Amino acid sequence: MNPPPPPEHGAAAAPRRLTVGDLVRIRRPTTGAASLISSPSLSTSTAPPPRKKPKFPPAAPNPPPRSTAPFAPIPHRVLLSGTLSLPAASSPVACRSHCLSLSDSPFAADAASVCCYLLDFDPAAVGREIHVLAWNYLPSVHRDDGVGVLEVIRWCLAEATPALGSGFMRTIPLDCADADELDSGTYGHVFGVVRSVSVVFSMPRASHKSDVGGGDPSVGFIAEIMCCACRKCRGTPPEADEQHKFEVEKFVYFVDSASRWRPVLARMVGRPVSVSGLKKRMVSVGTKGSYTMLVSTRKTMLRWCPSYPAVVELDGSSGNCGGVYAGVVTGIYMQGLLIELDETVWLLLDDQHLAPSHSLRVGAVISVKNGRAIRLKFAWTRIVLLGTCIKTSITINSFSLVDSKCYIKAENRGLLGKFVDSFELPIRFWMLILISCFKQKFTKLFSEKEILGSKNVVPFANFICKGESFWILKMLKIWNGTESSSLPGTLQLVDATGCIDVVIPDLPPNINNYKVVLQGHMAYLDHYDVTDPLSCKAAFQHFSFRKRLNHLKIYVIINWSELNRIGPSSIPLQINTCGKLFHLLKLTHIYPENNTFQHKNLLGHSLYAEAVILPYDFKFTERGECSEHAESFRMSCTYSLGNSKVSMAKSCDIPCTLSFGTTKLYGSLVSIYYCGSVGERDHISRILLEFKDGMFNYQSLRIGGYFLLECPTESLNYSMKGCGCLQGGKISLGSQSRFWTLAITFNGNTNIKPANGDESIGVSSVKMDESFSRKAVHSEIKLVRTWNDFHQYCDFQLNIYCEAKREKMEKYNYICHVFNELCSYSNEVQSVSSFIKTRVPKRPSRSSNLQNDKLVQGDLISLQGKVDNIHPYGCKKEKNMVGNKKYNICIHVTDETHMVRLCGYVSKHGYPVGLGPGASVTFHRALLTHKHELFLTPQTYIEMSSISLAALNEECVVTPLISDCLKDGSLTRVPSCLLFSSQKHFAESRAIQFQCRVVTIHVLVLENILKDSQPSETRRGTINIKVLLAGFIVDDGSSLCCCWADDARAELLLRLQEVAIPHASVASKFSKDGVNIKQTVGSFLESMLKKHKRIIARNCGIPPGISCHDLELSSALNKVLSCLEEKLMKFIILNACWKGTLNVIASALNANTLNGFNLDLPDLHPVRNMPNFWVNQAFQVDPLDEARRMLGMSRRLN
Amino acid sequence: MDSPHSLHLVHVKLLAADLLTLTSRHTSPPSFARCGRTVTRAEIVGVVVSRDRREKFLRFLVDDGTGCVPCVLWLNHQYLNANNSSSRGSDSDPTAEMALRMSEVMSLGTVLRVRGRIVLYRGAIQIAVRDVVLEKDPNVEDLVLLVNVHVIMVRIELNMREYGQPHYHLVRIAIEKEKQSNQRYRCSMLIWLMRTEKADILGVQP
């Protein structure tokens, strides 16, 4: 029960011995080894203290190994030994075909045996004691499965005694009864290469005459052996020096007790064996005929040739069960039915006994012999499928330590399983995918009955993720079996795993052509790691959709013409004309979807719009009939038209027609105000329209459009307040409300030309829109119709016409005037250019007060243009509202001549589908501040006119980020290769750090700092020279600059401290006095400077070239430098130029500062233009630190 | 004349794959271009995988994991100097001595930082070595690769600061570019950076 006791610390020499009995008491997956490479030395009192600061305090003696790894390692050395034999009858069923048994000496007190699987199996080990040097132990989870399984990674024979038999063939000591009494003459024998071995199977025994219908079924397996057909081999035991040709195929049936030999024979596949003591039997296979088969007897012996090379002759041609595939198990699915290898190949494991199930874990390396590989091509992916058959054998090449879970369940097949088994291999695989997909896709939506018969199985979650990862724009038809849903404003296709927004740009008949649009940032670029969501793996893995939901906005653009199943589109043209009033409304604004409104309404989403009520109601002129073929309706209006500006005491009767299609109905407009009751007159005011349950086609709303609302009440009160439609300044519209779009024309003309006719009225954006539509390219998807189209396709056309009577003319002119006035209630939509031309800053009157409150003041305007770019804006963290995320974004809008920026928060819900580069957009009620800045406000409605397909195809649709953006923090460290190419870094005076290498030396001034009297010994260890000034031309990989330094910094750059022995000729001259030859360059210099006091070196060569000929050396004392001294100086300079990278902290230096040194600097063109730096510090580069810093730096920047 | 910020004078830190795929312009002497900028000198870091010492030169191959760059280190300075009658002490030029010493140190398997001029030899790009530094820390190689990717990242970053471009968009472009030029090593490095350390800077939620 307990883990093995801790080791005795002193006895480090010999590993602790472990018996099988000890092993089986371990209750968790454990690994052990006879030698541990990094065993901690615990008794180290005499050992030197560790150089580096230890990371952990000295551990308590033998801390228990705590790890989350599936296998717990035994911290000390253990040597497990036991006798290897054939599996015991008590070993698990799954093991009997593959495993051997390791057992203690039967004389031991608590002798036990364990099932074991050996890597590098050697038949010589069977029946002998082995030392297990490295192993994994997997205790069985269920008690009744036996004790567990030992996975032997390394082993050796306990004694190196020769195995039984000698010479060419060696006997494998299996439990043959009379092994010694072998008489090959009596019985048949075969010699050949094992080609395949079947699994152990049981077969009803043919009824004997004596034993009718009785007896156990015979249990055994068949080995296919390719035998040598030569005469010698047939007669006598084979010999080594013969050239065997294994050509004759023979089947040997190992039955009864020999059936236990399968683990040995399975590992002999591809190797030559000799089986003797066989008898011949005729086997009849149904009606197909009978074959001769060799059957094992009690005298059967198995022998093998240790010296004979393994002959692997497997028929790997496709379609045949003869291929060999070795790979890493990367996934096990469907209870072990499917095994994914190397993330590419799928192994369909028909028979659970084909492989040692316990070792078939994720991470193990297995080889499949005699498998059948086929390529499968599905509509969305291609895979390689590895089928198994009776010949297939699966062996483990390497055990898995990453996983201890055994996935493979013992045979417990349901009906479906058996059904699936009856299929051909590819269909079988397909069925498994199908089952798995169905499980995911329809768990909530459909009953099993409904599932059957569907053609389309890819779960949406996988589909969406596929899109996210690969930005695919094409997909298989997935529309069958979907539903349209309920989110307002968008139509969605939904299944149990996900949903897709659908944008329908046109209405009126089968989906062949559509585009999938993905908006968002690239979260799934890494297809090296993320599983292809449309891969078979994903189908089996049960993909988590929720986790990935928020990354991308995905929608499909389908023409309505392509849709045949979605949406109720009954155009409500059944107007009952009986005594009904129809209110006229003009939409002035649409509020963006906003969750702050929504969460108050628990019953459902509401959408809001703003409208003005027209001071006229529409009424049919005659009652009592349905409108369908009505020819003339006329209603006399007995009320006078009233208005705040014009008072008409007379009754108004403005004739008009309401038409749809070819039907024309006559009616008249009735003023909503009573004649004469001027005092009670309502003003034309803005009201709120509430679209209650979201079923309304929000997309048909259009700012500036007219709408006709059937008054549900029977009231004769024409005002909306009076009739009860308007309550609390709000008109609530539900699914029962009758609300239609309306086009109002004056004498058949959309653009009203009033009597006074000085200005063109009507919707100002009409013109805009037309000019815009003309520019519209073919590669655009229009989401909003042009105004002409809008009018044409409105539910109704209301035509107000002018009768030739004078009195009527006045009314007509008046009504035109009223409609003209309405235009002021909605903003004129401006183009970017016109906006730029007309924006006039309006100074706020009380700006001082308001500035303190940080309130932004300005005008609300409407702006139209094309989106050029969208990116995150500002540095604040995103604001989290209740259930609503807001993105702070900046949108660049252009009209090809000018560009403006709009910034502000857009809620996730208010973010219109399709907003991305290339989209034509109208921003309604954007805020123009007095500082000429444009902001998006919570009121701002973004109307999408069109989506650019060109931009979509470029896969560069950009949506706001949900992330922080960079702070304005400064770069203190300049990244390599960008230092000098980015001017701004050295324009600043503060110090910067960069990496560079010295290319050449510009100027070098060296000085002796020792007084003549001072003995050099007192300053031993340091160099008694001073670098007065040194100018280095350094190279950071992007440009050159001049770095100036003195003293120690210059010494480091010159590398004076480094031990560098110049050429022998120089060295010998300078070390005449027998000083240690290992002198530094600096010490040579020291003696030289004693003589010259100061040496100046100038480089007249053009950097980055370095040549000794360009070096000008001069002495302060005007002494001539000797040839040797000159050489030394040159050597020093060259040495500095031949060194590696340094970290330099420097600040910008004004070139004039150098004048103070009174130096005659070489005036070279490239140097003149180089930036100058003063080196504050120089130090070596630690690559590891540097790499870590580099990764950390970007984080800090953020 | 070259501007001070030209790449003409500098030793551009290149990966072997990049160096070997420079486009050569048919000028005399041949010049090379990368991303539209002239490159005449390069610095590479890698392991010496081949070494061929002749009397006048040492030819060696430096492998940095992305490719093998042929390099030549001339050892015939003394001959050159012998012709140059004006020089003093030409019998033992320090340049020649240093080159000789370097050729001795440079053995198979050592990690080197090589600087030099890019030349064409029999139509193939090679480096005429100016200097060689023996790198003792094996981490240098990884650092070089990291720096290479980092440069891309920083460029993206600076670009973003200047133009207000969304970063992921640029990274995407960078990755696409790398993909197009078949630079899988950098592409995968970028992707790796995006996924791990750089996820936040790229605006990608890990």
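All of these numbers come straight from a predicted model, not from anything done at the bench. In what follows, chains carry the letters A, B, and so on, assigned in the order in which the sequence lines appear, proteins first and then strands, with residues in each chain numbered from 1.
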Under a 4.5 Å heavy-atom cutoff, which of B/M98, B/E43, B/E135 has the most pairs with chain A?
B/M98
With respect to chain A, which residue among B/R113, B/R130, B/M102 yields the maximal number of heavy-atom pairs within a distance under 4.5 Å?
B/R130
Among pairs that include at least one residue of residues 103-112 of chain B, which meet salt bridge (Lys or Arg N to Asp or Glu O under 4.0 Å), considering only residues two or more places apart or in two chains?
none
For B/Q126, what residues pass the side-chain hydrogen bond (donor to acceptor under 3.5 Å, both in side chains) criterion, not counting sequence neighbours?
B/R59
Segment of B/V144 engaging chain A (4.5 angstrom heavy-atom cut-off)
neither
Interatomic spacing from CE in A/M1129 to CG in A/L1121 - rounded to 0.5 Å:
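One finds 7.5 Å between CE of A/M1129 and CG of A/L1121.
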Test B/E97 against B/R101 for salt bridge (Lys or Arg N to Asp or Glu O under 4.0 Å), laying out the working first.
CA-CA 6 Å; B/E97 279 170 30; B/R101 208 138 47 88; over 6 Å; no
